[in-house]
Amino acid sequence: MSLLDFLRARPKNTANIARERLRIIVAQERVARGGPDYLPLLRGELLAVIRKYVNVDPDAVQINLERDGEHEVLELSVALPEGPTKAAGRA
Amino acid sequence: MTEIIVVTSGKGGVGKTTTSASLATGLAQRGHKVAVIDFDVGLRNLDLIMGCERRVVYDFVNVIHNEATLKQALIRDKRHDNLYVLAASQTRDKDALTQEGVERVLDELAKEGFEFIVCDSPAGIEKGAHLAMYFADRAVVVVNPEVSSVRDSDRILGLLSSKTRRAERGNDAMPQHLLLTRYNPVRVEAGEMMSVQDVEEILGIPVLGVIPESENVLAASNAGVPVIHDAGSIAGQAYADAVARLLGEDIELRFVDAPKKGFFKRMFGT
């Protein structure tokens with residue numbers, strides 16, 4: 001860093017910003033790539049079935065596919081609403 | 001034994017054709033029999049970079065459609081008689097390539113005793129790019145130290161490990177190499193450009209070479225002489241190093257550090 005550079009406004013370290021942004025997006029896209037194409041559809045249909053009985057939020061169903069050595073674990077989590085549940089679509 | 005090497009990137013304009021031309025030339029300089037094929041049907045440019053554009057009579061598509069023999073379409077390099085170029089068609093579109101046709105041409109090249117076949121992929125992830133990588137034994141992924149190029153390259157890595165013959169047959173993963181181009185060590189040091197280590201870490205594949213940004217690259221393409229011939233230029237030397245590594249030699253990276261400034265420059269800048 002020269003004296004003149006020091007006196008000038010120092011630019012931000014944009015290389016670090018690029019690296020951090022790429023780390024996040026690449027990690028996200030790799031997860032999506034590893035999974036089978038049917039996951040979003042499966043999530044949609046499961047949500048429809050669950051909503052026949054419980055009035056849950058569209059974001060309440062999370063599906064994750066994880067690899068654990070030789071096994072694949074399909075993890076499904078449904079956040080149920082608080083308070084007494086009411087059947088939404090059925091009598 | 002024939003080795004098929006795809007030079008690919010996803011993003012356009014990062015230096016795939018420049019790299020294909022120099023790697024193929026470098027392998028030929030080392031005495032190997034090499035063919036370099038342009039898969040960019042409709043937008044051919046390898047012939048210009050190799051300096052043989054006026055000698056193209058028949059092309060890759062003609063051979064696939066049996067309008068010419070492979071022998072008629074292969075253009076022998078002016079400088080190395082063990083180096084041949086197979087140009088892309090300029091008039092057809094990318095659907096003119098078929099998987100069976102590409103396989104037949106590659107098999108025929110193997111029978112002719114070619115040791116290396118370098119496949120210069122078009123940009124994008126469509127048919128031409130797919131066929132360029134489909135039969136490959138190894139991949140050289142050309143990347144600029146810039147966000148869109150790195151992201152697109154990661155997408156290509158995903159395709160290399162799923163949409164190739166090797167992947168479909170369940171063979172071992174295809175060796176993939178990172179080749180960084182347009183690298184500017186001064187800007188890296190200033191924090192304006194991602195470093196080799198940054199890109200290597202994000203993509204997770206080993207570095208085959210780092211080609212410094214150099215005016216000689218444009219001069220070489222202007223003249224139609226692959227930059228590896230310019231042994232006085234750092235870009236030419238960096239490509240020669242990459243060829244050596246491709247052949248299994250263990251060579252340290254060069255031209256990745258900014259030149260040291262003297263005391264005077266340190267005080268008063270450039």
Side-chain angles (χ1 to χ4, degrees), chain A residues 1-49 58-78, chain B residues 10-11 125 141 143-164 167 170 173 176 178 180 182-205 256 258-270:
Chain A
M1 185 61 54
S2 80
L3 207 59
L4 289 180
D5 284 341
F6 191 74
L7 294 176
R8 277 185 219 134
R10 209 185 299 184
K12 275 187 193 159
N13 188 323
T14 53
N16 284 344
I17 303 172
R19 188 183 61 214
E20 291 316 311
R21 290 174 62 214
L22 278 168
R23 267 199 191 134
I24 293 165
I25 192 70
V26 164
Q28 271 178 12
E29 288 174 351
R30 282 186 182 183
V31 169
R33 189 191 301 157
D37 298 339
Y38 60 73
L39 278 188
L41 198 63
L42 178 64
R43 180 181 177 279
E45 287 183 22
L46 280 169
L47 185 66
V49 172
D59 290 331
V61 178
Q62 293 293 334
I63 296 185
N64 271 315
L65 190 67
E66 283 182 23
R67 258 173 224 105
D68 182 15
E70 290 290 290
H71 306 279
E72 284 192 345
V73 179
L74 184 68
E75 185 188 72
L76 177 72
S77 93
V78 186
Chain B
K11 190 174 181 296
I125 52 174
V141 182
V143 184
N144 287 170
E146 174 273 325
V147 285
S148 49
S149 174
V150 175
R151 182 203 213 168
D152 288 359
S153 299
D154 192 64
R155 178 97 172 83
I156 289 293
L157 293 180
L159 297 175
L160 285 168
S161 53
S162 62
K163 305 277 192 236
T164 55
Q176 299 160 347
L178 170 63
L180 263 180
R182 300 224 171 108
Y183 195 70
N184 187 329
V186 175
R187 303 195 72 185
V188 171
E189 200 157 279
E192 297 169 6
M193 183 182 268
M194 283 182 284
S195 67
V196 193
Q197 292 77 20
D198 290 342
V199 180
E200 189 179 16
E201 194 194 314
I202 292 162
L203 294 178
I205 56 171
V256 288
K260 295 273 176 290
K261 286 183 179 178
F263 172 75
F264 197 77
K265 271 196 172 172
R266 246 178 229 274
M267 289 305 289
F268 300 102
T270 44

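In the text below, chain A, chain B and the rest are named by the order of the sequence lines, each starting its count at 1.
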Using non-hydrogen atoms only, which part of B:Glu189 is less than 4.5 Å away from chain A: side chain, backbone, both, or neither? neither
So, the part of B:Met193 with a heavy atom under 4.5 Å from chain A: the answer is backbone
Which pair of non-hydrogen atoms, one from B:Gly191 and one from A:Asn13, has the smallest distance, and what is that distance? O-OD1, 3.0 Å
For B:Val196 and B:Tyr183, the nearest pair of non-hydrogen atoms, with its separation, is N-OH, 3.0 Å
Name the option with the most non-hydrogen atom pairs under 4.5 Å to chain B; the candidates are A:Thr14, A:Asn16, A:Leu22. A:Leu22
State which residues pass side-chain contact (heavy atoms from CB on, under 4.5 Å) with A:Leu42; sequence neighbours excluded, sorted by chain then number. A:Tyr38, A:Leu39, A:Leu46, A:Ile63, A:Leu74
Heavy atoms only, distances under 4.5 angstrom: which of B:Val150, B:Val147, B:Asp154, B:Asp198 has the most pairs with chain A? Name it, please. B:Asp154
Of the listed B:Ile202, B:Leu157, B:Val188, the one with the largest count of heavy-atom pairs under 4.5 Å with chain A is B:Ile202
Hits for side-chain hydrogen bond (donor to acceptor under 3.5 Å, both in side chains) against A:Arg21, two or more places apart or cross-chain, chain-then-number order -> none
Let's go through B:Arg182 and B:Glu146 carefully: what are the C-alpha distance in whole Å and the side-chain angles of both, what is the deciding distance for salt bridge (charged side-chain N to carboxylate O under 4.0 Å, His left out) to 0.1 Å, and is it a yes or a no? CA-CA 10 Å; B:Arg182 300 224 171 108; B:Glu146 174 273 325; over 6 Å; no
